[in-house]
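Data first, discussion second: the structure below is written as structure tokens.
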Amino acid sequence: MKGSTALILLLILFKPLSAGGDLRFRLQRRLPDCRGTLENYYTGDEFDFYNRFRYQSDIWSFILLMDKARGEEWVDIIAGGVSFSPHNSPVTSVSAGWLKADLGTGLVLSFPGQFSSISELSMYKPPNSRNRIEPATSPWSCRSEPITGAGIMLSTGGMDISALAALSPIDSLASGYHRTASEVLGRNAFLEKLAAVRISGQHWGITAAAASRNKTPEYGWFRFGSDWNIDLGSLNLSGEAAAGVDSSGSAVSAWGSISQNFPLFRHMLMVVRNPDDYPSDRTSPPVSRECDIGICYGFRWKIFPRMALNAGTSTYFNQESDLLLASLKAEYRFPWSMNATAGVRIRTETDCASWRGWLGSSWKPQSRFNIRTKIQIAGWSSSPEDSSETGVGMELKFRYTPRTWITLDLGGAACSTDGYNSRVYAGGSSLPGVFGSTALYGRSFLLFFQASAEVSEGLFLRGAMGRKIVEDVEFLGSGWEETEGDSRTELGFQLDYAFQ
């Protein structure tokens with residue numbers, strides 16, 4: 001709790017001077033204890049802890065993060081950054097500390113990057129090109145392979161110029177955790193020297209980046225790329241091409257798209273190349289799947305005033321394997337405060353195929369009450385093993401707002417699948433800022449409850465509880481994450497305070 005006390009002191013010190021900011025405190029606990037904790041293989045306990053303090057004025061912004069994952073000691077990560085944005089100056093911002101950076105569309109430099117590759121249901125619009133160097137806002141930006149350094153962004157002569165220099169401690173193990181003796185020993189084992197520069201205009205950009213790590217043997221890379229975004233009437237041409245070099249050789253990665261945006265119809269065709277020998281450290285390409293060539297197409301069509309159709313498909317070719325992904329989703333808005341969605345996603349690889357279909361609804365019978373439902377069906381088959389799996393899942397959520405200052409959520413999900421390959425997905429009792437999707441397989445049940453109250457202006461208290469039960473098992477998980485019994489319980493508490 002020392003981290004929380006320090007943040008409260010900072011809040012007291014900054015509040016009289018601040019233009020605005022916020023404080024987030026989160027504490028979570030999973031029951032029962034896992035094998036790694038019970039056998040003292042992990043160095044810490046079962047609590048998840050997270051603190052974030054942010055302050056911003058007209059020209060200054062400051063952020064401090066404190067974080068501890070399950071199995072780690074208190075407090076495992078302490079990180080922060082500061083940014084200065086002067087007025088009436090060609091300098092847009094100067095940032096230092098633990099940083100996040102996006103220069104271009106992700107082929108040359110992007111960290112921490114996208115959580116996953118672009119969805120087929122988003123293939124109707126081209127990926128964005130960014131020009132950003134600023135303090136990190138997530139603990140995962142500060143774990144394992146952070147960027148610690150300084151960056152400057154300025155605008156002059158109709159061009160934007162960004163430069164970044166960093167000297168970053170790197171873990172020898174890429175897990176990002178420091179739970180075991182080997183993970184603790186591998187903390188900050190290497191140093192990375194990194195430099196990047198970007199020059200861009202309204203429709204174009206040029207980016208270069210290079211880095212080296214003092215491993216044995218030493219490893220380094222260099223990348224150079226150019227991106228574009230050009231409008232020709234109703235057409236838009238976007239893309240980025242980059243060449244990369246490291247000790248194993250050189251390779252070219254690129255993507256290009258042509259898209260159109262009409263009032264009722266929007267679509268895009270994209271071609272991708274992302275070979276496995278392209279040096280990919282500190283990159284986050286829009287389509288992160290490795291391929292010699294890939295072709296993607298998607299559209300969104302507002303068929304009627306109350307109905308929209310989304311569809312997308314992508315196929316990726318490699319020397320040894322091929323991959324096809326296709327998704328379709330229909331949305332309809334009923335006049336009685338109900339929205340309905342139906343969709344299907346198909347994935348076929350060289351020797352196996354899987355699919356998942358869903359039907360969902362969101363209904364608000366009155367202003368204080370909302371009901372969400374979802375039914376899923378999944379299937380999987382493999383040619384070499386001549387085997388297959390099927391599964392079905394259901395999800396039900398209730399939201400009740402008895403007063404304007406309090407919100408209650410209650411829900412559950414259940415599934416019956418033949419195995420992990422026919423799994424379904426459900427939401428849970430996730431707090432704001434926490435990834436909330438859970439994979440369910442076998443005969444599983446998920447129950448959750450969450451309450452949120454605004455006890456005073458800008459001050460929110462939230463509590464969450466979730467319980468997962470799996471039939472006919474004696475243990476859940478595997479390895480050091482294994483827990484005894486057929487159930488797990490997640491408890492969480494979060495405080496959010498925004499001040500002016």
Side-chain angles (χ1 to χ4, degrees), residues 105-107 110 113-128 174 225 238-242 244 248-249 251-259 267-281 283-300 309-329 342-358 376-391 417-425 435 437 439-441:
T105 69
L107 296 186
S110 178
Q114 303 293 327
F115 180 78
S116 61
S117 185
I118 183 173
S119 165
E120 285 68 50
L121 294 177
S122 300
M123 287 289 183
Y124 62 88
K125 55 184 178 180
N128 293 324
S238 300
E240 184 173 22
S248 63
V252 173
S253 182
W255 71 271
S257 72
I258 179 171
S259 61
H267 67 142
M268 179 187 71
L269 176 66
M270 181 164 61
V271 178
V272 180
R273 172 176 167 78
N274 187 27
D276 58 3
D277 54 351
Y278 180 76
S280 58
D281 286 13
T283 67
S284 179
V287 178
S288 58
R289 307 181 190 282
E290 294 181 350
C291 64
D292 296 322
I293 190 71
I295 302 173
C296 313
Y297 176 77
F299 70 85
R300 180 173 175 83
L309 186 66
N310 252 57
T313 183
S314 53
T315 181
Y316 306 97
F317 301 97
N318 282 316
Q319 292 183 353
E320 299 179 356
S321 63
D322 300 329
L323 173 65
L324 172 66
L325 299 171
S327 297
L328 174 69
K329 182 176 75 170
V344 63
R345 186 175 191 269
I346 300 171
R347 176 189 178 106
T348 63
E349 297 184 74
T350 304
D351 52 6
C352 65
S354 62
W355 59 272
R356 182 166 57 92
W358 68 91
Q376 298 178 71
I377 304 174
W380 171 86
S381 62
S382 177
S383 301
E385 293 87 4
D386 193 23
S387 60
S388 63
E389 294 181 8
T390 58
T417 79
D418 295 332
Y420 180 78
N421 292 315
S422 54
R423 63 193 177 276
V424 297
Y425 292 89
F435 182 68
S437 181
L440 297 178
Y441 54 94

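Bear in mind that the values here come from a model prediction, so they are computed numbers and not experimental data.
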Quick check: do [X] and [Y] have side-chain heavy atoms less than 4.5 Å from each other?
X	Y	value
Met123	Tyr297	no
Met270	Pro127	yes
Ile295	Leu269	yes
Trp355	Thr348	no
Thr315	Asp322	no
Leu328	Leu309	yes
Val272	Cys291	yes

Of all heavy-atom pairs between [X] and [Y], which one has the smallest distance, and what is that distance?
X	Y	value
Ser437	Tyr425	OG-CD2, 3.7 Å
Ser321	Thr350	CA-OG1, 3.1 Å
Asn274	Pro285	ND2-CG, 4.1 Å
Tyr278	Ala242	OH-CB, 3.4 Å
Gly106	Glu240	N-OE1, 3.6 Å
Asn318	Glu290	ND2-O, 3.0 Å

Backbone of [Y] reached by a side-chain donor or acceptor of [X] within 3.5 Å:
X	Y	value
Asp277	Ser248	no
Ser119	Leu121	yes
Arg273	Asp292	yes

Could you give the distance from [atom1] ([X]) to [atom2] ([Y]), rounded to the nearest 0.5 Å?
X	Y	atom1	atom2	answer
Asn421	Ser382	CG	OG	8.5 Å
Leu324	Ile346	CG	CD1	8.0 Å
Ser280	Leu107	OG	CG	11.0 Å
Gln376	Arg423	CD	CZ	11.5 Å

Set of side chain to side chain donor-acceptor pair (under 3.5 Å) partners for Tyr124, sequence neighbours left out: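 With sequence neighbours excluded, Tyr124 shows a side chain to side chain donor-acceptor pair (under 3.5 Å) to no residue whatsoever.
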Stepwise side-chain contact (heavy atoms from CB on, under 4.5 Å) check, Thr105 with Trp255: CA-CA 10 Å; Thr105 69; Trp255 71 271; 3.0 Å; yes
From CA spacing to verdict: side-chain contact (heavy atoms from CB on, under 4.5 Å), Lys329, Trp358: CA-CA 9 Å; Lys329 182 176 75 170; Trp358 68 91; 4.3 Å; yes
Within 6.0 angstrom of Tyr420 OH, more than 12 heavy atoms from elsewhere: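 Count not over threshold, so no.
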Non-neighbouring partners of Leu325 that pass side-chain contact (heavy atoms from CB on, under 4.5 Å), sequence neighbours left out: Glu120, Arg289, Ser314, Tyr316, Leu323, Arg345, Arg347
